[in-house]
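Note that these values count all heavy atoms, side chains included, but never hydrogens, waters or copies made by symmetry. Please read all numbers here as calculations on a predicted model, not as lab measurements.
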Amino acid sequence: MKNKLSLCVITGNAENYINRFLDHFEPIADEIIVVRAIGNQEPDGTLAIAEARKCKTGAYYNLGHPANGPEDWGKSEKADWPHVDDFAAARNAALDLATGDWVMWADTDDVITREDCAMIRAMLPQLGDDIQGVLMPYAVPDDGITLHRERLWRRGAARWHNPIHESLKFAPDAPMARFDKVQILHLPHGKRKATSDERNLRILRSIPEDDVTSSQLFYMMQSERALGQIEEATATAAKLCMAPDAGQPERYEAFLVMGQMVPDGATRSQLYLQAIAVDPARREAYAELAMEALKANQFPLALGWSEVMTSLPQPSAWWWNSRKKFYGWQGVQVRGMCLRANDRYEEANAIEANHFILHGAKISLLHATRGRPAMAYKARATWLDRAADPDAVEHIFALDPDDDTIGPFITCRHVISHGRGPVAAWNEAAKFSKGEILIQLSDDWEPPMHWDKLIIAAIGDTSKPAVLAVSDGHREDNLLCIAILTRARYENQCYLFHPDFFSVFSDNHFTDRAYADGVVIDAKDIVIEHMHPAFDKGEMDETYARSNDPANYEAGLATYERLKP
């Protein structure tokens, strides 16, 4: 078969991923090779699942593992590692089982659309006989970046190198093609685990110091920072800045990372200026300088940095670690915050609203918060960073005027609630929202990656009255703990929650009405986890205590019973 395609995969114990992976990638491949690489762990059923689905399977064992034969026993302590010791060697083990004309790689927590599978297959026969490999976009939402990686190559044209953050090595000047019409998406369940960074760091530190490349220094810096090893990460970043083989994007990132890690604001700003000296055409460092000036109450300076940032045009070509969000929603929000700090509220609201409308005005996040600014800011960042299309999402803080912690939020898009309790705050935010879908947000909800895409797909026609029933990760009853509804439903009700409630039992009333009116769409496969102390997912604080006050329970129950008929 001409243009036979072999998909080569290495896997850990991935029972929770392998079926999803094969569902997505089976249409693209003539054969799929799955090689297990798990260090000293006990294997799960991943290979059995793959074999049942007609995959060719194999196993890679770390250096020194008994399975490699007596001549390899005891050669390395890596045999006792609870993970693979050399990703390149494991990938080459899968590559050696391939029989196709072309080879492709992917990870078991990646996904691809059927349309993109078909486009890749249709592209293969059109490649010239001299083309040795094809680069394709690889979106990594956890890092906020999209890379172009060598994804396809002629069998025999390349092999894997480097034990961690491995890369394909082709012959010098091998002709390559680039295919930008498709995208493979890295989509793990939940947050990146610390064990991944521990694994990466263990492998990186096993490389002899004289052999460490600037690329490996970059990833070492990232893992050290993720694990809270700030002194080590700062030292590694400094080495990266001075490494003779470090590229411009790596040095730029090193200065940014050092700036984000040092405790002193003046030093942070100096390091961001160093990043600008490396590449003055990128927006990220200017945005960081604007935010530093806001923290220092240097509002005119913040406004100036934001003006410089917004004056920089979108580049004709992106660096691999470019944060495109600073040319979209994040840049607009930084500019809006700086404008509000300088009492230019109407201009800030206008540029944010226009950006939202220009991108479809899909979802409004109505975020009532009180007494915990750090937690609220983190929630806001998480929801926007995990959105598939954050430009089509608006976020509105709803604040209480008697809350002495609201200062940091005044520069964000917000409303002031003059009623009592979170219900009044959510209702006030709803009045000012413009999205097709409204979501009641609190500080303690954690969404899945691309939550907006999941919600929009589940609702379907957003012009009709509808309420979406998702899972909170804990409850098994029908209570709609987080209100997700179309604007048509909101306009029918005339409010988000009945205004007679303070907090508790408002969701019971909301649920009863939604089911009674027949507008509920079941989407319990979407899990938006409630990180609440009741589920041992958080610490009790004054804000929780205020809502859960016995008097509020009594009043809420009485209101619920009164409104029931």
Side-chain angles (χ1 to χ4, degrees), residues 141-144 191 225-226 228 256-257 259-263 265 268 272 284 287-299 302 305-306 323 325-326 328-341 345 348-349 352 356 363-387 390 393-401 403-417 422 425-426 428-429 433 439-447 449 451-452 482 528-533 537-539 541-544 546:
D142 271 349
D143 295 329
K191 297 181 291 186
R225 183 188 184 190
L256 279 183
V257 167
Q260 292 162 354
M261 290 190 298
V262 298
R268 282 197 297 271
Y272 297 143
E284 293 98 314
E288 296 284 4
L289 284 166
M291 297 304 293
E292 283 302 315
L294 285 179
K295 293 174 191 174
N297 295 327
Q298 297 174 319
F299 300 145
W305 285 125
S306 73
R323 267 58 177 185
K325 63 185 180 180
F326 288 103
W329 67 271
Q330 184 78 82
V332 170
Q333 289 196 2
V334 169
R335 178 63 173 163
M337 293 171 75
C338 294
L339 287 167
R340 291 189 185 92
Y345 282 87
N349 289 338
E352 290 183 1
F356 179 53
I363 296 178
S364 298
L365 297 175
L366 315 175
H367 188 169
T369 185
R370 180 184 177 90
R372 43 195 184 201
M375 190 173 173
Y377 254 117
K378 182 180 178 182
R380 172 179 177 264
T382 298
W383 279 80
L384 291 170
D385 283 336
R386 292 188 183 178
V393 177
E394 69 171 346
H395 178 278
I396 305 171
F397 276 125
L399 311 172
D400 295 335
D403 178 7
D404 59 8
T405 70
I406 66 173
F409 301 119
I410 297 301
T411 58
C412 300
R413 188 146 189 245
H414 69 277
V415 295
I416 301 295
S417 170
W426 283 312
E428 190 69 16
S433 68
I439 300 179
Q440 164 220 0
L441 195 58
S442 301
D443 304 327
D444 55 0
W445 289 97
E446 189 166 289
M449 192 65 72
W451 56 268
D452 53 330
I482 181 170
I528 302 176
E529 189 170 9
H530 199 186
M531 310 300 285
H532 194 279
K537 294 290 185 177
E539 299 293 330
D541 59 21
E542 289 185 14
T543 303
Y544 286 126
R546 180 172 180 259

Partners passing salt bridge (Lys or Arg N to Asp or Glu O under 4.0 Å) against E352 (at least two apart in sequence or in another chain): R340
Gap separating the CD1 atom of I439 from the OG atom of S364, nearest 0.5 angstrom: 9.0 Å
Does anything in residues 407-417 form a salt bridge (charged side-chain N to carboxylate O under 4.0 Å, His left out)? List the pairs, not counting sequence neighbours. E394-R413
W329 meets the ring-ring contact (aromatic ring centres under 6.0 Å, His included) criterion, sequence neighbours left out, with none
Which is it for W426 and S442 under the side chain to side chain contact (heavy atoms under 4.5 Å, CB included) test, yes or no, and what are the steps along the way? CA-CA 9 Å; W426 283 312; S442 301; 3.2 Å; yes
Partners meeting side chain to side chain donor-acceptor pair (under 3.5 Å) with E292 (sequence neighbours left out): R268, K295
Take Y345 and I410 through the test side chain to side chain contact (heavy atoms under 4.5 Å, CB included) and record every step on the way to the result. CA-CA 10 Å; Y345 282 87; I410 297 301; 3.0 Å; yes
Say whether, by atom type as modelled, one donor and one acceptor occur between the side chain of E284 and the main chain of R323 under 3.5 angstrom. yes
Residues in ring-ring contact (aromatic ring centres under 6.0 Å, His included) with W451, at least two apart? W383
Let me check something: any side-chain donor-acceptor pairs from residues 365-377 under 3.5 Å, sequence neighbours excluded? List them with distances.
from, atom 1, to, atom 2, distance (Å)
H367, ND1, H395, NE2, 2.9
H367, NE2, D443, OD1, 2.6
T369, OG1, D443, OD1, 3.1
T369, OG1, D443, OD2, 3.0
R370, NH1, D400, OD2, 2.9
R370, NH1, D402, OD1, 2.9
R372, NE, D443, OD2, 2.7
R372, NH1, D541, OD1, 3.1
R372, NH1, D541, OD2, 2.8
Y377, OH, P408, O, 2.9

CG (L294) and OG (S306) are apart, to the nearest 0.5 Å, by 8.0 Å
Y272 vs Q260, side chain to side chain contact (heavy atoms under 4.5 Å, CB included): CA-CA, chis, key distance, verdict: CA-CA 9 Å; Y272 297 143; Q260 292 162 354; 3.4 Å; yes
Intermediate values then yes/no, side chain to side chain contact (heavy atoms under 4.5 Å, CB included), S417 and L399: CA-CA 6 Å; S417 170; L399 311 172; over 6 Å; no
So does K325 pair up with D385, basic N to acidic O under 4.0 Å? yes
Can you tell me how far CD of E446 sits from CE of M531, rounded to the nearest 0.5 angstrom? 5.0 Å
At what distance, to the nearest 0.5 angstrom, does CZ of F409 lie from NE2 of H414? 11.0 Å
Taking the side chain as everything from C-beta on, heavy atoms only, tell me whether W305 gets closer than 4.5 Å to Q298. no
Quick one: are F397 and V415 in side-chain contact, heavy atoms under 4.5 Å? no
How many angstroms lie between atom CG of L441 and atom CD1 of I482, to the nearest 0.5 angstrom? 6.0 Å
For P401, enumerate each residue passing the side-chain contact (heavy atoms from CB on, under 4.5 Å) test, keeping only those at least two apart in sequence or located in another chain. I416, H418
T405 meets the side chain to side chain donor-acceptor pair (under 3.5 Å) criterion, sequence neighbours left out, with D403
Partners of R380 by side chain to side chain donor-acceptor pair (under 3.5 Å), sequence neighbours excluded? Q333
What residues, two or more places apart in sequence or in another chain, satisfy side chain to side chain donor-acceptor pair (under 3.5 Å) together with H530? D444
